[in-house]
Amino acid sequence: MRIAVLRDYQSLSERAAALVSARIGKKPTAVLGLATGSTPLGLYRELVKAAQRGLVDFSGVTTFNLDEYYPIERESLQSYYYYMQQHFWGPLGICPGRAHIPDGRAGDIAGVCSDYEQKIMDAGGIDLQILGIGVNGHIGFNEPGAALSAKTHLASLSAETIAANSRFFEDRDAVPRRAISMGLGTIMKAREILLLASGSEKARAIGETVRGKLTTKVPASLLQAHPRVTVMVDRAAACCLR
Ligand code: F6R
């Protein structure tokens, strides 16, 4: 794992945007795996700025999001579909056929999950997967547990994740209890991974991911087995790495 410690959230966002732009510069038809949540907002803002200045071109890029709540309507302000439309696909003008996210309205969940895996394969696999991390070490909605799913699946949110994500909803009861998420195997198949974390509340999870033993109790620690991972953190999130 390569570790980059940046001064603050803004520097982290700029450095991450530079890495993503460089990869697209090398491969204009790159396939990106994308995360939602608070952490990548700065990265998306910097990428939109760079695209508007003509420094990076997303017209050939295909994207696959990690996850979506289930059940949820696309128009819901809390859906990840809505988030992506607001912060990334919309401002960049990414054409809908190139922007993929699991369907949180689907009746046939097993079908949605296997189609999603197939679409990723048909696109040639993910070149660069962007990840955030939960306070409990989750990536996507792969929560700590004895058995982790390899492929896209219907996941149950842990109590910690429901509590953390309740800030986006009216209250804790309004947070969906389930989500459709790429599995650890889907994530590990990406050719390159960029894990971002900001703030002291992520410090323990980052410490365990990077320095701890590889365990399903900390799903992100499985990234230790991936050949090309960059962990980019601000100083606050890096305090358990010393
Ligand atoms: C979001 C996702 C989650 C988040 C994680 C951190 O698509 O897959 O794993 O990356 O919960 O969320 P934030 O960035 O809001 O702290």
Hey, is the main chain of [Y] close enough, under 3.5 Å, to the side chain of [X] for a donor-acceptor pair?
| X | Y | result |
| --- | --- | --- |
| Arg211 | Leu241 | yes |
| Glu46 | Ala18 | no |
| Glu201 | Val135 | no |
| Asp171 | Ala174 | yes |
| Glu117 | Thr152 | yes |
| His153 | Ser181 | yes |
| Lys202 | Ile133 | yes |
| Ser198 | Asp234 | no |
| Thr63 | Gly33 | no |

Heavy-atom side-chain proximity of [X] to [Y] below 4.5 angstrom:
| X | Y | answer |
| --- | --- | --- |
| Glu68 | Asp103 | no |
| Phe168 | Ser38 | yes |
| Arg23 | Leu194 | no |
| Tyr70 | Leu157 | no |
| Ile94 | Met84 | no |
| Leu66 | Ile187 | yes |
| Leu154 | Cys113 | no |
| Thr215 | Val218 | yes |

Shared hydrophobic cluster for [X] and [Y] (ILVMFWY, side-chain gaps under 4.5 Å):
| X | Y | value |
| --- | --- | --- |
| Tyr82 | Ile72 | no |
| Leu6 | Ile206 | no |
| Ile126 | Ile130 | no |
| Leu92 | Tyr81 | yes |

Query raised in the report: Are Ser21 and Leu55 close enough, and set up right, to give a side chain to side chain contact (heavy atoms under 4.5 Å, CB included), and what steps lead you there?
Result: CA-CA 8 Å; Ser21 300; Leu55 302 173; over 6 Å; no
**Report entry** Pair Arg191-Arg228, side chain to side chain contact (heavy atoms under 4.5 Å, CB included): steps then yes or no
**Finding:** CA-CA 7 Å; Arg191 287 183 268 280; Arg228 199 169 178 214; 5.9 Å; no
Requested in this report: Check step by step if side chain to side chain contact (heavy atoms under 4.5 Å, CB included) holds for Thr36 and Asp67.
Outcome: CA-CA 8 Å; Thr36 53; Asp67 42 24; 4.1 Å; yes
Quick check: are there more than 12 heavy atoms from other residues, nucleotides or ligands sitting under 6.0 Å from [atom1] of [X]?
| X | atom1 | value |
| --- | --- | --- |
| Lys49 | NZ | yes |
| Arg167 | CZ | yes |
| Arg15 | CZ | no |

Query raised in the report: Out of curiosity, Ser149 OG to Met182 CE, how far, rounded to the nearest 0.5 Å?
Result: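 It is 14.0 Å, given to the nearest 0.5 Å.
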Query raised in the report: So which heavy atom on Val48 is nearest to which on His87, and how close?
Result: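 Where Val48 meets His87 most closely, the heavy atoms are CG2-O, 3.8 Å.
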Query raised in the report: Can we say Asp127 and Lys27 salt-bridge, meaning some charged N sits less than 4.0 Å from an Asp/Glu carboxylate O?
Result: yes
Query raised in the report: Would you say the side chains of Ser79 and Glu73 form a donor-acceptor pair under 3.5 Å?
Result: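 The answer is no; no qualifying pair exists.
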Query - Derivation of the ring-ring contact (aromatic ring centres under 6.0 Å, His included) call for Tyr69 and Phe169 - result: CA-CA 12 Å; Tyr69 290 116; Phe169 292 81; 5.4 Å; yes
Requested in this report: Describe, in one word, how the ring planes of Phe58 and Phe88 are oriented to each other, choosing from parallel (under 30°), tilted (30 to 60°) and perpendicular (over 60°).
Outcome: perpendicular
Query raised in the report: Angle class for the Tyr83/Tyr80 ring planes (parallel below 30°, perpendicular above 60°, tilted otherwise)?
Result: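 Ring orientation, 0 to 90° scale: perpendicular.
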Query raised in the report: Quick one: ring-ring contact (aromatic ring centres under 6.0 Å, His included) pairs with a partner in residues 211-242, sequence neighbours left out?
Result: none
Query raised in the report: Stepwise, does the side chain to side chain contact (heavy atoms under 4.5 Å, CB included) test hold for Ile24 with Leu32?
Result: CA-CA 9 Å; Ile24 296 171; Leu32 301 181; 4.2 Å; yes
Report task. Please name the residue in the list Gln129, His100, Arg98 that meets the side chain to side chain contact (heavy atoms under 4.5 Å, CB included) test with Phe64. Result ->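 Of Gln129, His100, Arg98, side chain to side chain contact (heavy atoms under 4.5 Å, CB included) with Phe64 is met by His100 alone.
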**Report entry** Trace of the side chain to side chain donor-acceptor pair (under 3.5 Å) decision for Ser158 with Glu160
**Finding:** CA-CA 5 Å; Ser158 70; Glu160 265 173 315; 4.7 Å; no
